[in-house]
Amino acid sequence: MNQPKRYLITSALTYANGPLHIGHLAGANLTADIFARTMRNLGKEVLYVGGSDEHGAAITIKALKEGLTPRQIIDKYHAQFEEAFRRIGISFDIYHRTSEPIHHQTSQDFFRTLYRKGEFIEKETEQFYDPKAKMFLADRYIKGTCPKCGYEAAYGDQCEKCGSDLSPTELINPVSTLTGEKPVLRKTKHWYFPLNKHEVWLRQWINEGILDGKKVHDPRTWKNHVIGQCNSWLNEGLQARAMTRDLDWGVDVPPEIPGAEGKKLYVWMDAPIGYISASKQWAIDHGKSWERFWKDEGTALIHFIGKDNIVFHAIIFPALLKAEGSFILPANVPANQFLNLEGDKISTSRNWAIWLNDYLESMPGKEDVLRFYLTRIMPEQRDSEFTWKGYQEANETELVNNLGNFINRVLVLVNKYYGGEVPDFDPNVQLTSSAGEDQISFQDAELLLVFDKLQEMVNAIRRFEFRAALRTLMEISSMGNQFLQFNAPWQAYKTQPELAAAVLNTGIQIVTALSVAMEPFMPFSSAKLREMLRLPAVAGRGELQDILDALAEGRLLLEPGHQIGPARHLFERIPDEVIEAQRAKLVKTAPAQAAEYPPLKPQIQYDDFARLDVRTGTIVKAEKMKKADKLLVLEVDLGFERRTIVSGIAQQFKPEEIIGRRVLVLVNLAPRKLRGVESNGMILMAEDGEGRLHFVSADTDDGWPVS
RNA sequence: GGCGUGGUAGCUCAGCUGGUUAGAGCGCAGGAUUCAUAAUCCUGAGGUCGAGAGUUCAAGUCUCUCCCACGCUACCA
């Protein structure tokens, strides 16, 4: 495949309802940053965009909870994100936000174009509207009397008593569960995007890289799990998706479209278009063209995301772009898997995470160590795990002992023997190669080995194999350590000064190469090293390409006579106490929501209660229901009879554990078929604050009533 | 239940279209060395490649069945 002329790189937008943690870095941001920096260092034209995703119901809810306005919430998180990303060195060309007018305009324009082209299906439905809450109600927020069995607390989508599927409009006396008000029917219109119409070309584009008969990318460069996930969706059949919602916090549906009042664009018409509006803003700020990046086939569009976002970026957004007609499609969607933490999933609600802000505050100057370790364990092909011990070890064995030590050895020796001046040398001096203790080499041959490694590293990054690229980088400094060890310039300096000069000149060339090559991974340490070398910091202007060219042509990277500064340590050990203190911060908390008691149900009369017939019983048989994850088929002995009862507790109880359990059974519940098995009754369970279920029972004989 | 991805030395992971004694780093054992943040270098021990069956002259690599982890999805509160 031809090398693209330029790259448009995106990091998944960050949702503005909670702080950043290391998972955000490992998934979509550090990956994209390393890629963007590398491409800039290779002299490519790069536009790297990111931003905050600031719309949606979750933000409204968060605002209500904290007693703030949605605007206050998003302002707070956006500022926080921007600052944290900057401090950890994510090199966005622009970090934008979806609340900006230019974004609203851009996504509305996008919607308009699709609307005019007839890409949407309009569906008008009558839905219940709660005048007090001023919102349309989802089916399950409505209760009323079941038209079939007369049960008074049937949900809008289903009657729990008789099991029939309902639609909210069938209910007699519907009531909003939010406010208790009587909802009114209102017509509401929504626009659906018929994804199913796009299935055929999507299949070919994803699996063969062919779009409109043209090869646009090589599917072999896409990750297995990305293609697999897409095909899984395609094989299940794509459905028309609503592109609008009855929400109050988001981008308005273009007002001139009939029926648009009160409607907002759904997230699929909003968040990914944020990439486009960010590009536009960047173009305005810099007097450049955004369309060069979005509409020219010489551009490779790369979406960096986590695996939860695959379908969104590889199917839905491409389909929208194609339907719009003027945009290129992504050349790759290198999704990462998930990062776990100390044996458990990262969870914002359980506070199981390493928060980026906290890290930046409590581990000052250690930005690159985090970047390094996260890259080293990056979940590229499968989930991986962050441990503080692993972090400490990686820092010590690789950064301090290998990379930092090699650089320090060279700089100290050059300072000590040559007053910090890069020594001149005789290119014909025989050296021992880093490739083996018995191999004779010369300086230029040695530098060609470095060239090969740099090439290898660049190729790995082009394949989005960041772990491999980082490993290759470390191999260069390993080679450097071997080279020093074999040639022992500290001895040669006394007996063969010409050897020492050739060795240390070579050493300083390798260090110079490293100062550039390490920049995408560890920009802060790179800058520090460049300062010691008295060289300008790497600024993303083709420095890596310059180095590759020079090495290929046999030119030196740092000329004899160049004066370097004193050696300072690039990395330092991190004491056990510091690691322990960090680990001690990790304390799982119960999710906040689960701690809240559910609201009390409306008052009932004794007669209502007396209608329930609850009896004691014993589980005598239990087995898993086939083709269902949550159901157990139980046989319960009630003394006077045995009954089959299906219970949705399979995720918390194993069948063999619960045989013999005394339980309370609601015995006069109408029978209902669950996945083909008739259930005659209901096992009563108590639920605790963390959602765990517990059996309730009594010490009486089976079959006697409970009241 | 369906689909997807993964399951390789104590740990973290490489192993492309099947081909000689399965690799690396860390850790471990022994040795060398002192320029360097007790760093570095050399050597070595360590694996029936999740389990079983099959295809093949030949399988970690292909096929089938099963088990485990994670994700999507269905069903289910």
Side-chain angles (χ1 to χ4, degrees), chain A residues 140 155 158 160 220 223-237 306-312 335 337-338 340 345 373 376-387 389-390 393-417 432 434 436-438 460 463 465 467-468 470-472 474-475 477-493 500 503-504 507 567-574 624-632 646-651 674-676 679 682 685 687 691 693:
Chain A
R140 73 191 130 149
Y155 285 105
Q158 195 183 46
E160 297 222 303
R220 285 173 307 179
K223 296 192 188 192
N224 288 343
H225 69 264
V226 172
I227 292 184
Q229 181 84 56
C230 289
N231 282 327
S232 172
W233 261 59
L234 289 167
N235 292 337
E236 276 179 33
K307 69 174 157 183
D308 50 337
N309 253 328
I310 289 173
V311 176
F312 196 103
Q337 308 252 1
F338 287 158
N340 295 322
K345 288 182 203 185
Y373 181 57
R376 206 175 159 285
I377 61 168
M378 204 164 255
E380 290 173 343
Q381 304 295 339
R382 62 178 104 164
D383 293 355
S384 67
E385 181 158 326
F386 183 108
T387 63
K389 182 138 194 304
E393 268 180 25
N395 176 66
E396 184 153 326
T397 61
E398 307 203 37
L399 291 182
V400 177
N401 294 356
N402 183 357
L403 182 62
N405 186 224
F406 168 64
I407 290 166
N408 190 242
R409 296 171 87 180
V410 172
L411 297 192
V412 164
L413 288 171
V414 168
N415 272 301
K416 194 165 170 180
Y417 296 152
T432 305
S434 62
E437 232 170 327
D438 47 359
R463 292 193 303 269
E465 293 170 4
R467 300 169 72 132
L470 185 63
R471 205 183 313 125
T472 308
M474 298 311 290
E475 279 168 15
S477 84
S478 277
M479 280 168 51
N481 275 320
Q482 289 168 318
F483 183 68
L484 288 186
Q485 203 67 25
F486 294 158
N487 291 292
W490 49 91
Q491 285 177 352
Y493 184 68
V503 169
L504 287 174
R568 286 181 293 139
H569 288 156
L570 219 42
F571 305 102
E572 57 188 12
R573 284 167 213 294
I574 301 173
K624 274 210 68 168
M625 166 95 73
K626 285 184 180 159
K627 302 190 181 187
D629 285 352
K630 300 185 183 175
L631 299 181
L632 289 184
V646 179
S647 185
I649 57 173
Q651 288 189 325
L674 293 170
R675 294 203 72 89
S679 179
M682 192 167 124
M685 304 292 288
E687 191 176 330
L693 297 174

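Protein chains get the first letters and strands the later ones, always in sequence-line order, with residue 1 at the start of each.
The 5' end of RNA chain B is approached more closely, in terms of each residue's nearest nucleotide, by Arg409(A) than by the other of Asp383(A) and Arg409(A).
Rounded to a whole angstrom, the distance from the C1' atom of U55(B) to that of C41(B) is 48 Å. For the P atom pair drawn from G60(B) and G7(B), the interatomic distance equals 15 Å after rounding to whole Å. Taking atom P on both C26(B) and A69(B), the two are 32 Å apart, rounded to the nearest angstrom. Taking the C1' atoms as reference points, U37(B) lies 47 Å from U17(B), given to the whole Å. On the P atoms, C62(B) is 16 Å away from U8(B), given to the nearest whole Å. Across C49(B) and U61(B), the matching C1' atoms stand 10 Å from one another, rounded to whole Å.
Under the Watson-Crick or G-U wobble criterion, with both distances below 3.5 Å, A9(B) is left unpaired in every strand shown. Taking a pair to require two hydrogen-bonding distances under 3.5 Å in either a Watson-Crick or a G-U wobble arrangement, C16(B) remains unpaired. Across all strands shown, A51(B) forms a Watson-Crick or G-U wobble pair, both distances under 3.5 Å, with U65(B). Across the strands present, U56(B) finds no partner; the criterion is a Watson-Crick or G-U wobble pair with both atom distances under 3.5 angstrom. As the counterpart of U40(B), A32(B) is assigned, both hydrogen-bonding distances of the Watson-Crick or G-U wobble pattern falling under 3.5 Å.
The side chain of Asn401(A) lies closest to U40(B), out of G71(B), C41(B), U40(B). For Glu437(A), counting side-chain heavy atoms from C-beta on, the closest listed nucleotide (U37(B), C42(B), C13(B)) is C42(B).
Under the salt bridge (Lys or Arg N to Asp or Glu O under 4.0 Å) criterion, Glu385(A) pairs with no residue at all, not counting sequence neighbours. For Phe386(A), the ring pair (Phe, Tyr, Trp, His ring centres under 6.0 Å) partners are Tyr373(A), Trp388(A), not counting sequence neighbours.
For G46(B), the base is syn relative to its sugar; the glycosidic angle is within 90° of 0.
The phosphate of C11(B) (OP1 or OP2) has no side-chain N or O of Lys389(A) nearer than 4.0 angstrom. Put simply, Gln482(A) has a side-chain N or O that comes within less than 4.0 Å of OP1 or OP2 on C42(B). For A24(B), the OP1/OP2 oxygens have no side-chain nitrogen or oxygen of Arg471(A) closer than 4.0 Å.
Leu403(A) places its CG atom 14 Å from the C1' atom of U40(B), with the value rounded to the nearest Å.
Between the side chain of Glu572(A) and the base of U37(B) there is no donor-acceptor pair of N/O atoms closer than 3.5 Å.
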Mind listing the N/O atom pairs, protein and nucleotides 5-8 of chain B, below 3.5 Å?
{"from": "G6(B)", "atom 1": "OP1", "to": "Asn224(A)", "atom 2": "ND2", "distance (Å)": "3.4"}

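At most 12 non-hydrogen atoms from other residues, nucleotides or ligands lie less than 6.0 angstrom from CD of Glu572(A).
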